[in-house]
Amino acid sequence: MFKKILVPVDGSEGSWRALEHAVVLGEKFESTIIVANVIQPYNNAALLAIPLEMAQEKMASYPHAVEYSLEVGHPSERIIALAKKIECDAIVLGSRGLSGIAEFFLGSVSSKVAQYASVPVLIVK
């Protein structure tokens, strides 16, 4: 059912919880997990891709295939584009917890991905 699961990570607690949930799903369905880190071009500090290194450590004991991808651009747009490109079956991502006026004006990455992705999206709080 879920042969390829895309998990965007940004180093936040929410993204690590999402990765944990993806591992549980992945173990059940023997899925390939694709861990992606999306950096925005104007954020030079993010170029270090620390979240991908941390994800590699966390995924060391995962018994199935794991792939890693570093993407540059707007997070929700890159996540949706990558999901289509790799033909994933699901996206598991953390919620940033934006609420009220901030979410109304900015929108959160998780809500945009859930709205526009063509595959099931699991948002982990």
Side-chain angles (χ1 to χ4, degrees):
M1 181 173 218
F2 296 120
K3 290 297 175 191
K4 287 185 179 179
I5 301 171
L6 175 60
V7 187
V9 296
D10 62 3
S12 68
E13 284 301 313
S15 70
W16 298 133
R17 284 193 297 277
L19 187 60
E20 291 170 6
H21 280 75
V23 165
V24 172
L25 276 176
E27 287 176 347
K28 178 176 177 133
F29 294 104
E30 299 180 3
S31 308
T32 297
I33 293 180
I34 299 94
V35 181
N37 180 220
V38 180
I39 58 174
Q40 297 187 22
Y42 56 82
N43 189 353
N44 293 332
L47 291 174
L48 298 174
I50 301 295
L52 281 184
E53 292 175 12
M54 293 173 66
Q56 288 175 340
E57 292 174 14
K58 293 177 183 289
M59 296 300 293
S61 63
Y62 183 69
H64 307 292
V66 182
E67 298 172 12
Y68 301 92
S69 179
L70 179 62
E71 301 289 319
V72 177
H74 186 274
S76 58
E77 292 172 4
R78 294 307 315 142
I79 292 165
I80 293 165
L82 181 61
K84 287 180 184 177
K85 178 182 173 185
I86 64 173
E87 299 178 342
C88 74
D89 302 301
I91 302 170
V92 180
L93 74 164
S95 170
R96 286 210 136 171
L98 285 177
S99 62
I101 294 172
E103 184 156 357
F104 177 76
F105 285 113
L106 301 174
S108 69
V109 170
S110 58
S111 66
K112 285 184 180 175
V113 170
Q115 183 176 5
Y116 295 107
S118 59
V119 296
V121 176
L122 173 62
I123 300 173
V124 179
K125 288 186 174 187

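Under a cut-off of 6.0 angstrom, the local environment of NE2 in H74 is crowded, with over 12 non-hydrogen atoms contributed by other residues, nucleotides or ligands.
Considering all non-hydrogen atoms of both residues, F29 and K3 come closest at O-NZ, 3.3 Å. Between F2 and P120 the shortest heavy-atom distance is CE2-CG, 4.4 Å. Heavy atoms only, all atoms of each residue included: W16 and G11 are closest at NE1-O, 3.3 Å. Scanning both residues, G94 and S110, for their nearest heavy atoms gives O-CB, 3.8 Å.
Contact annotation: the side chain of I39 approaches that of L70 to within less than 4.5 Å [non-hydrogen atoms, C-beta and beyond]. Taking 4.5 Å as the limit, every side-chain heavy atom of K4 sits out of range of all side-chain heavy atoms of S31. The side-chain heavy atoms of D10 and V38, taken from C-beta on, include no pair separated by under 4.5 Å. Using a 4.5 Å heavy-atom cutoff, the side chains of V124 and S95 are not in contact. Looking at V92 and L6, their side chains never come closer than 4.5 Å, going by heavy atoms from C-beta outward. In this structure the side chain of I91 reaches within 4.5 angstrom of the side chain of V119, judged on heavy atoms. In this structure, the side chains of L52 and V35 come closer than 4.5 Å at one or more pairs of heavy atoms. Contact check for M54 versus V9: no side-chain heavy atoms found under the 4.5 Å cut-off.
Annotation: the span from I33 atom CD1 to C88 atom SG amounts to 12.0 Å, rounded to 0.5 Å. Annotation: the span from S12 atom OG to R17 atom CZ amounts to 7.5 Å, rounded to 0.5 Å. Q115 CD to I80 CD1: the interatomic distance, rounded to the nearest 0.5 Å, is 8.5 Å. In this structure, the separation between CD on E77 and NZ on K112 is 7.5 Å, given to the nearest 0.5 Å.
Under the 3.5 Å distance criterion, the side-chain polar atoms of Y68 are left unmatched by any main-chain donor or acceptor of N37.
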Exercise for the section: Start with the C-alpha gap between L93 and V7, add the side-chain angles, then the distance that decides, and say whether side chain to side chain contact (heavy atoms under 4.5 Å, CB included) holds. Expected result: CA-CA 6 Å; L93 74 164; V7 187; over 6 Å; no
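Screening residues 57-75 for salt bridge (charged side-chain N to carboxylate O under 4.0 Å, His left out), with sequence neighbours left out, gives E71-R78. Counting only residues at least two apart or on different chains, no side-chain hydrogen bond (donor to acceptor under 3.5 Å, both in side chains) pair has a member in residues 116-125.
Partners of A114 under the side-chain contact (heavy atoms from CB on, under 4.5 Å) rule, at least two apart in sequence or in another chain, are V121, I123.
L19 and V24 are members of different hydrophobic clusters when ILVMFWY side chains are connected at heavy-atom separations under 4.5 Å.
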